[in-house]
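To start, the structure itself, in C-alpha cells.
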Amino acid sequence: MKKHHKLAQELLTKLGQEHVLRFVDRLDAAQQDALFAQIASLDAHTLSRMRKTLEQRSDTALHDELPEPAPVISLSAAERIAALSRGEELLAAGMVGVVLVAGGQGSRLGFDGPKGVYPVGPLSGASLFEIHARKILALENKYRISIPLYIMTSAANDAATRAFFEEHNYFGRDRANTVFFSQGMWPALTKDGRLILDAPGHIFESPDGHGGLLAALKKHALFEDMRQRGVTTLFYFQVDNPLVNVADPVFLGVHAGNFSEFSIKVCAKRDADEGLGNVVLQESGSRRMLEYSELTVAQKSACDESGRLRYYFGSPAIHVFDRVFMEQQAEQDLPLHVANKKVPYCDEAGRLVQPDTPNACKFEKFIFDVLPRAQRSVSLEFDRADEFSPLKNASGTDSAETCRRDMLLKWARWLEECGIKVPRHDEDGAPAVALEIDPCYALGPEDLMANLPSGFTISGDTLLSAETAG
Ligand code: UTP
C-alpha cells in the first residue's frame, strides 16, 4: 500500500469513518489516488466540530425574550452630504476594495452556470457580473483610481466564472484588478455523523457558506494583496442583487465616520415573512444577527407600541468591513450552522440514490457571525426600492421578472427626477416602455442629469449606454 494511502486510512480510523473505503477495491489507480487525496484533505478539527454540533443540536432554539433591535442610522440631508464627502475621500485615496461573494449554488434559481452569468439587463441582457463590474468601472473612471474586485467562487463554478470574465474582457476593467479565489468545500454528514459517498470514489462536499470568505481570503494570501494595494476598507455584497449600490460612498463615509469595524445596510422588510436577518443588541452591548429561522411565526409578526413590526429592518447582506478587523477574524473559528438537506448517496451496491427526503446535514459558516466580535458597528437605513431586489427564484417573488421590474422602476424615477417624461400605464403606473441605464452612463440621477443630451425625450424602449453616448 502506498504511504499516503496508509496515512489516509489511519486518519479515517481515527475519525471513525472507515466506511469511506468500502468500494476502494473497485476503483482504478487514478480513482484511488483521487479518493485518498480527498481523505487527506479532510480537516479533523472541523469534522469533530461538526459532530459535536450534531450532538448538541436541538430544534427548540427559539427565544422567550426577544432581543432589542439595534439602533439604525437614518441620515438627514446634511449628514448625507458629509458622509458622501468622507466616502469619496476614501475612494479617491484608493483605500477601498470590493468583495463579491459568488460561490453559492443558486439551487432555488436552477440556472445552469454561475448565478452571476444570468442575463438580467432588461434590454441589453447584461449579466449580473457585467452590471456589478461596470458599476466599479464607473467609480474607477469617476475617481481616477483602481478598485480591486475580489470574487469568491467555489469548486463548482470557479472555472466557469473565470472563463466568463475572460470571454467578456473583464467588462472593460483592468484584469489585474479582478481577483478570483475559491472558497472551501465541506463534507456533509448523516444524522449519526458519517461522511457520505456520492460516488464509490468520492465524498460528497459542498461550499462552506459565505462565512468561508474569511478562511479563503487568508488561505489565498489576499489580506496581503489588500495591504500591498493600500486597501483599508472592504465593501461586501452578494452576486444576486442587480440594484446594489456597489462601494456606495455614503455608506463608506458612515462606516469611516463612526470608526466602525463592520457596518450593515438595512431596509424595511417587505413583510414579516421576508427571510432577512435582523441586527439586535445583546446584553453585553455588542450586536448580533438574529436569523429569521430563530423566530416563531408570532415573534416575526410582533409589533411595537406604534404598530410597526418589532423587527422592521432586515439585512440583505450589504456590508462594509474594516480590513484589519476581517484579518483578525480570519484567525478564529466561526460557529457552524446546520441544515437538513437531500444529498445523493451510494447504496450498499455502490449505486447512486437521489433521496426524496432530507437524509443529511450540511454545514455552513455565515459572515455575519463576526458581528458580536466587532468593537464598533453601525446599521444604516436605505431605501430598498433603490438598492435591493435579489434574484433568488426561477419565478414569482425575487425572480428575474421582479428584478427587471424593479430596475425599470428605479430608472424611470431617475429620468423623472431629471424632468424627463416616462410613458406609464394608466392601470398601475408601471413604465409603458423598457428602460435601461448602463452604470457607465450614470450611477445615479445626478450623473444622468449631467449626461442626457438637451431636448432628450422617451418615445419607446430606451437603452442609455456609455458606448452609444459617444
Ligand atoms: P444564498 O444564501 O442566497 O445562496 O447566497 P445561493 O447559493 O445564491 O442560492 P440557493 O440558496 O442555493 O438558492 C447568498 C450569497 O452568498 C453567496 C452566494 O453566491 C450569494 O451571493 N454564497 C453562498 C457563497 O459565496 N458561498 C456559499 O457557500 C453560499
Side-chain angles (χ1 to χ4, degrees), residues 84 87-88 91-92 94 96-98 100 116-149 151 161 164-178 235 237 239 241-252 386-387 389 391 400 403-422 431 433-470:
L84 174 66
E88 288 190 317
L91 280 166
V96 177
V98 169
L100 167 56
V117 167
Y118 194 97
V120 77
L123 287 168
S124 66
S127 61
L128 286 161
F129 280 139
E130 174 165 2
I131 293 171
H132 300 325
R134 285 187 69 84
K135 286 181 186 169
I136 298 173
L137 177 60
L139 290 170
E140 291 179 318
N141 292 340
K142 186 167 183 173
Y143 297 103
R144 298 174 201 285
I145 41 143
S146 298
I147 301 178
L149 166 62
I151 303 181
T161 303
F164 189 72
F165 273 77
E166 186 70 40
E167 194 186 314
H168 291 87
N169 198 23
Y170 296 79
F171 306 105
R173 296 183 58 247
D174 182 348
R175 66 163 58 194
N177 295 325
T178 303
F235 178 87
F237 72 113
V239 72
N241 177 16
L243 257 55
V244 63
N245 192 352
V246 180
D248 170 16
V250 172
F251 188 27
L252 290 164
D386 288 333
E387 298 182 38
S389 184
L391 176 58
C403 284
R404 291 191 188 112
R405 176 201 66 197
D406 292 340
M407 284 191 267
L408 223 70
L409 286 169
K410 169 170 159 165
W411 289 320
R413 284 194 302 276
W414 287 8
L415 285 158
E416 284 162 350
E417 271 185 53
C418 297
I420 309 296
K421 189 167 167 28
V422 175
V433 293
L435 302 168
E436 183 162 349
I437 302 178
D438 165 22
C440 288
Y441 188 89
L443 278 174
E446 301 79 17
D447 296 344
L448 192 58
M449 185 80 96
N451 291 338
L452 281 176
S454 64
F456 178 81
T457 55
I458 292 184
S459 53
D461 293 351
T462 303
L463 170 64
L464 292 169
S465 95
E467 276 70 31
T468 49

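Predicted model, so just to flag it, every value in this text is computed and none were measured.
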Nearest 0.5 Å please: distance from the [atom1] atom of [X] over to the [atom2] atom of [Y].
{"X": "Asp386", "Y": "Trp414", "atom1": "CG", "atom2": "CH2", "result": "8.5 Å"}
{"X": "Trp411", "Y": "Asp406", "atom1": "CH2", "atom2": "CG", "result": "11.0 Å"}
{"X": "Phe171", "Y": "Arg134", "atom1": "CZ", "atom2": "CZ", "result": "9.5 Å"}
{"X": "Arg173", "Y": "Ser146", "atom1": "CZ", "atom2": "OG", "result": "8.0 Å"}
{"X": "Asn241", "Y": "Ile131", "atom1": "CG", "atom2": "CD1", "result": "10.0 Å"}

Show the numbers, then the answer: is there a side chain to side chain contact (heavy atoms under 4.5 Å, CB included) between Ile420 and Leu448?
-> CA-CA 11 Å; Ile420 309 296; Leu448 192 58; over 6 Å; no
Donor-acceptor under 3.5 Å ([X] side chain, [Y] main chain):
{"X": "Asp461", "Y": "Val433", "answer": "no"}
{"X": "Ser124", "Y": "Pro122", "answer": "no"}
{"X": "Asn451", "Y": "Tyr441", "answer": "yes"}
{"X": "His132", "Y": "Val246", "answer": "no"}
{"X": "Arg404", "Y": "Ala434", "answer": "no"}

Show your reasoning for whether side chain to side chain contact (heavy atoms under 4.5 Å, CB included) applies to Ile437 and Lys410.
-> CA-CA 10 Å; Ile437 302 178; Lys410 169 170 159 165; over 6 Å; no
Residue pair [X] / [Y]: nearest heavy atoms and the distance that separates them:
{"X": "Val422", "Y": "Ala412", "result": "CG2-O, 3.9 Å"}
{"X": "Ala466", "Y": "Asp438", "result": "N-OD2, 3.0 Å"}
{"X": "Tyr118", "Y": "Ala400", "result": "OH-CB, 3.4 Å"}
{"X": "Val96", "Y": "Leu252", "result": "CG2-CD1, 4.0 Å"}
{"X": "Ile147", "Y": "Glu140", "result": "N-OE2, 2.8 Å"}
{"X": "Met407", "Y": "Leu243", "result": "CG-CD1, 3.3 Å"}

Pairing residues for Glu436 by the salt bridge (Lys or Arg N to Asp or Glu O under 4.0 Å) criterion, not counting sequence neighbours |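 Residues passing salt bridge (Lys or Arg N to Asp or Glu O under 4.0 Å) with Glu436: none at all.
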Is Glu166 salt-bridged to Arg175, cutoff N-O under 4.0 Å?
->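 A salt bridge links Glu166 with Arg175.
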Who are the side-chain hydrogen bond (donor to acceptor under 3.5 Å, both in side chains) partners of Arg405, not counting sequence neighbours?
->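 Expected list: none.
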Is the Phe165-Phe129 ring centre distance short of 6.0 angstrom?
->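 Ring-ring flag for Phe165/Phe129: true, centres closer than 6.0 Å.
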Derivation of the side chain to side chain contact (heavy atoms under 4.5 Å, CB included) call for Leu415 and Phe456 = CA-CA 10 Å; Leu415 285 158; Phe456 178 81; 4.1 Å; yes
Apply side chain to side chain contact (heavy atoms under 4.5 Å, CB included) to the pair Ile151 and Thr178, showing each step before the final yes or no.
-> CA-CA 7 Å; Ile151 303 181; Thr178 303; 3.9 Å; yes
Evaluate the side-chain proximity of Leu452 to Leu464: yes if any heavy-atom separation is below 4.5 Å, no if none is.
->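 Yes; the side chains approach each other to less than 4.5 Å.
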Looking at side-chain heavy atoms only, is the closest gap between Val244 and Phe235 below 4.5 Å?
->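 Touching, per the 4.5 Å side-chain cut-off.
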Residues which pass side-chain contact (heavy atoms from CB on, under 4.5 Å) with Leu443, listed by chain and number, not counting sequence neighbours =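 Leu443: side-chain contact (heavy atoms from CB on, under 4.5 Å) contacts with Lys135, Ala138, Leu139, Pro439, Asp447.
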